[in-house]
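In what follows, every chain begins at residue 1, and chains take the letters A, B, ... in the order their sequences are listed.
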Amino acid sequence: MAPDTLIRIQGIKRHFILGDSVVKALDGVDLDIEQGEMMCLMGPSGSGKSTLMNLLGGLDTPDEGTIVVGGRDISALDENELALYRRQMVGFVFQSFNLIPTMTALENVSFPLIFSGTAPAERKARGEELLDMVGLADRMDHKPTELSGGQQQRVAMARALANDPQILLGDEPTGNLDSKTGVEVMEMLRKLNEQGQTIVLVTHDPRVSQYTTRSIHMLDGRIIEEELAPL
Amino acid sequence: MNFRDLLRVVWSNLNRMRGRAIMTALGVVIGTAAIVVLIALASGLQESATGDATAFGPVNQITLLPGAFFRAFGAPSGGDESVLTPDIIKEIGRREGVTAITPKEQVAAPTTIKLNRLVGSGTLTGIDPLVVRDMGLEVERGADILGNWTVIVGAKVGESFVDPRERSGTQVQRNGSEEPLDLLGQTLSVSITKLGDDGKPITRTVRLRVGGVLEETGSDDYAIYMALADAEDLTSWYSGQRPDRRNDGYSQAVVVVDDTQQLLPIQRELEDDGFFAFSAQSTLQQINILFAVIQAVFGGIGAIALLVAAIGIANTMIMSILERTREIGLMKAVGATNRDVMSIFIAEAGAIGFFGGIAGVLFGIGAAKVIDVIAQAYINAQLASSGSTSSDPISIAIIPIWLPIFAIVFSLIIGLASGIYPALRAVQLDPVNALKYE
């Protein structure tokens with residue numbers, strides 16, 4: 001494994017049974033992801049890119065193959081260990097933000113810290129720091145409904161960073177945003193990446209790939225093409 | 001996730017579904033209030049039935065009847081020994097823990113008790129003069145000595161004397177005073193009439209000197225205690241033959257024990273010997289068992305209401321989990337363990353039960369007080385219309401100290417339990433699907 005390899009995926013298979021038919025969402029995928037990389041998984045619906053991301057995020061486990069993250073095979077973890085893995089290693093950004101509607105921006109950002117047992121004062125400080133970083137220092141006490149889509153996604157990004165994750169996973173982070181706010185969000189992700197944050201995005205928006213260092217194209221559960229961004 | 005954060009999260013979640021949480025908790029309120037009121041009523045009944053324990057008789061005495069009495073009610077044979085002959089009475093008197101024993105014989109003859117022209121009544125009862133003190137017969141005035149036609153009368157025997165020439169039932173009012181007749185030092189004449197051998201009535205009259213008046217006890221206020229020999233004399237004269245106590249035994253005996261704690265074992269031993277035995281303690285014990293059953297039944301009725309409430313809680317929680325599916329997915333994505341998710345939902349259900357329980361207890365105590373006030377007003381009105389006044393206020397509903405605590409803990413447990421199934425459903429949600437749930 002190269003010294004900078006953060007994630008090594010080998011021989012991953014993930015099959016779903018839908019009625020009588022077996023859907024081969026992932027059918028033998030090998031992939032290394034470097035520390036500090038900003039890559040995107042591209043492909044049409046059903047190509048397996050979201051399934052791959054769920055496996056990376058520890059939300060799902062493969063039927064075959066190994067996923068070694070930071071030297072540890074997460075494909076063999078039980079539910080409790082997976083929860084800890086998600087808490088310590090991963091931050092998620094979703095297409096539909098998934099903010100809790102009754103909580104303020106600050107409460108949403110510090111929400112993950114409740115489960116890691118962080119003290120309330122520290123949670124607040126960390127939340128404020130993160131919201132400041134995403135440029136929402138003046139929106140801390142606003143509920144999600146009082147924020148624009150772009151602002152909501154920035155709150156979600158701040159939340160994803162709360163536990164200082166090794167990997168930031170984004171599932172169509174710009175999918176629900178207009179192109180202008182989409183650009184804002186992508187700029188912010190690029191900024192994070194420049195600070196060393198490893199980022200994996202799932203998208204079928206070709207404009208997203210303009211911001212990434214590497215694009216993986218998938219089809220029918222396999223990687224069909226890999227392209228590096230021009231340096 | 002620590003406990004304080006859990007409470008914080010639970011509180012904010014309940015706050016979010018406030019209306020529904022309150023509606024659901026109302027079921028718990030009703031159930032808990034029902035338990036509190038019903039058990040309070042049962043406790044009130046028990047208290048009014050058993051509150052004055054001395055009314056059941058002295059706590060250190062066992063009344064013995066021969067086994068024949070027992071068999072008359074269809075119980076299995078008690079054996080030959082269960083006859084209260086003088087020898088057996090002596091033997092029981094020597095047993096460990098027994099202070100004293102006396103035969104107790106009522107004069108078996110129709111008697112007329114008179115004081116000058118006044119006619120009174122009382123139960124002429126013969127006991128061993130040596131055990132007067134051991135039996136706890138406390139003389140209020142006079143001496144506690146029996147024998148030679150000297151008697152001790154119960155506190156209310158004096159009140160029974162009426163002048164037959166006045167309107168029937170009118171109590172004697174001498175010198176216009178309301179004071180009941182004081183029998184101390186008086187001589188009562190007791191007459192027994194029987195048919196002689198020639199078919200003509202013959203009457204024997206004896207004079208009883210009242211040597212003492214007992215304190216009011218509630219159990220022997222109408223007794224006239226006399227020496228056993230004197231009572232036997234009257235009974236023999238009436239029946240024309242001396243009762244054969246050596247073979248037939250006495251009809252009743254009273255056993256006095258040293259230690260009231262040891263009474264029930266001694267009573268059981270006597271029952272095993274074939275006697276029919278009863279005591280204030282065993283009567284109280286049986287009444288208390290009866291009321292424990294009544295309380296359990298009443299509590300059970302309330303518990304059914306609470307069970308219905310539990311289903312309501314489970315229903316509300318399942319609804320809430322459906323609505324919060326994405327949120328549960330998110331919680332899992334940000335690293336909440338199954339235990340965290342489980343605790344949150346069980347604690348929410350428990351909180352509905354807990355707050356419902358507190359409100360129910362307050363409501364139930366209030367309702368019990370209202371019932372109490374209304375019932376007392378009713379009882380007082382009844383007493384007033386019958387011309388008497390109540391000596392003590394009678395409580396219809398009594399709330400034992402354990403009841404509110406029990407009711408709140410019970411509703412908390414009901415709430416927690418009804419959260420288990422919804423929480424398991426929340427835990428089993430697949431985070432990938434939950435996050436996409438619309």
Side-chain angles (χ1 to χ4, degrees), chain A residues 14 16 25 50-61 78-104 107-120 123 143-144 156 159-165 169 171-172, chain B residues 1-22 316 319-348 351 423-438:
Chain A
R14 182 73 173 109
F16 296 104
S50 288
T51 304
L52 182 55
M53 201 195 75
N54 290 334
L55 293 175
L56 279 176
L59 290 174
D60 194 8
T61 46
D78 66 23
E79 280 204 53
N80 242 334
E81 293 167 325
L82 278 176
L84 288 176
Y85 166 75
R86 294 192 292 261
R87 184 188 299 172
Q88 291 160 357
M89 302 287 284
V90 190
F92 288 96
V93 178
F94 306 96
Q95 179 174 4
S96 51
F97 323 137
N98 276 327
L99 298 178
I100 296 174
T102 49
M103 290 186 179
T104 63
E107 287 165 342
N108 265 294
V109 172
S110 49
F111 185 59
L113 298 169
I114 288 178
F115 301 108
S116 53
T118 313
R123 289 206 296 261
K143 297 270 172 71
R159 178 181 64 193
L161 296 170
N163 276 318
D164 202 8
L169 297 173
D171 189 357
E172 304 274 12
Chain B
M1 186 176 199
N2 65 40
F3 191 66
R4 279 182 62 155
D5 286 330
L6 175 66
L7 291 187
R8 214 171 302 201
V9 168
V10 164
W11 182 251
S12 95
N13 285 341
L14 287 179
N15 217 10
R16 167 161 31 148
M17 52 174 199
R18 197 181 307 137
R20 216 183 318 157
I22 289 172
T316 298
M319 289 290 294
S320 147
I321 281 159
L322 283 178
E323 283 170 15
R324 282 149 65 187
T325 298
R326 285 170 73 105
E327 191 180 316
I328 293 162
L330 176 83
M331 279 164 55
K332 291 189 169 190
V334 300
T337 58
N338 283 345
R339 214 186 118 166
D340 292 330
V341 176
M342 188 111 188
S343 330
I344 287 174
F345 287 98
I346 287 182
E348 279 180 31
L424 280 174
R425 280 185 59 156
V427 162
Q428 280 159 6
L429 283 175
D430 169 32
V432 174
N433 291 328
L435 283 163
K436 285 192 293 199
Y437 185 86
E438 293 297 337

Q: With chain B as the partner, which of A/Met103, A/Gln88, A/Arg123, A/Gln95 has the greatest number of non-hydrogen pairs under 4.5 Å?
A: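 The answer is A/Arg123.
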Q: Walk me through it: do A/Asp171 and B/Lys436 pass the test salt bridge (charged side-chain N to carboxylate O under 4.0 Å, His left out)?
A: CA-CA 11 Å; A/Asp171 189 357; B/Lys436 285 192 293 199; over 6 Å; no
Q: What residues of residues 321-332 of chain B sit under 4.5 Å from chain A when you count only heavy atoms?
A: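 Within residues 321-332 of chain B, the residues under 4.5 Å from chain A are B/Arg326, B/Glu327, B/Leu330, B/Met331, B/Lys332.
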Q: Mark yes when over 12 heavy atoms from residues, nucleotides or ligands other than B/Arg20 sit less than 6.0 Å from its CZ; otherwise mark no.
A: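 More than 12 heavy atoms, drawn from other residues, nucleotides or ligands, come within 6.0 Å of this atom.
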Q: Counting only non-hydrogen atoms closer than 4.5 Å, does B/Leu435 touch chain A with its backbone (N, CA, C, O), its side chain (CB onward), both, or neither?
A: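 Contact with chain A is through both the backbone and side chain of B/Leu435.
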Q: Non-hydrogen atoms of chain B under 4.5 Å away: do they reach the side chain of A/Pro165, the backbone, both or neither?
A: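 For A/Pro165, there is no contact with chain B at all, as no heavy atom is under 4.5 Å.
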Q: What are the two closest heavy atoms between A/Leu59 and B/Ala333, and how far apart are they?
A: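 Closest heavy-atom pair between A/Leu59 and B/Ala333: CD2-CA, 4.0 Å.
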Q: Tell me, side chain or backbone of B/Arg4 under 4.5 Å from chain A's heavy atoms, or both, or neither?
A: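 Contact with chain A is absent: no heavy atom of B/Arg4 under 4.5 Å.
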Q: Flag the one option from A/Ile100, A/Asn163, A/Thr118, A/Leu169 with the top tally of heavy-atom pairs under 4.5 Å to chain B.
A: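 Ranked by contacts with chain B, first place is A/Ile100.
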Q: Which heavy-atom pair separates A/Arg86 from B/Ala336 by the least distance, and what is that distance?
A: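 That closest heavy-atom pairing would be NH2-O, 4.3 Å.
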Q: Using a strict 4.0 Å threshold on nitrogen-to-oxygen distance, state whether B/Asp340 and A/Arg87 make a salt bridge.
A: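 Yes, B/Asp340 and A/Arg87 are salt-bridged.
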Q: Please classify the contact between A/Asn54 and chain B as side chain, backbone, both or neither, with a heavy-atom cut-off of under 4.5 Å.
A: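 Answer is side chain: those atoms of A/Asn54 sit under 4.5 Å from chain B.
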Q: So which part of B/Asn15 gets closer than 4.5 Å to some heavy atom of chain A, the side chain, the backbone, both or neither?
A: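 Neither part.
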Q: Using a cut-off of under 4.5 Å on heavy-atom pairs, state which of B/Asn338, B/Asp430, B/Thr337, B/Val334 scores highest against chain A.
A: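 Top option by heavy-atom pairs under 4.5 Å: B/Val334.
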Q: Is the closest side-chain heavy-atom distance between A/Glu107 and B/Ser12 below 4.5 Å?
A: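 SC-SC contact between A/Glu107 and B/Ser12 ruled out.
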Q: Partners of A/Met89 by side-chain contact (heavy atoms from CB on, under 4.5 Å), sequence neighbours excluded?
A: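 Counting only residues at least two positions away or on another chain, A/Met89 forms a side-chain contact (heavy atoms from CB on, under 4.5 Å) with A/Val69, A/Tyr85, A/Gln166.
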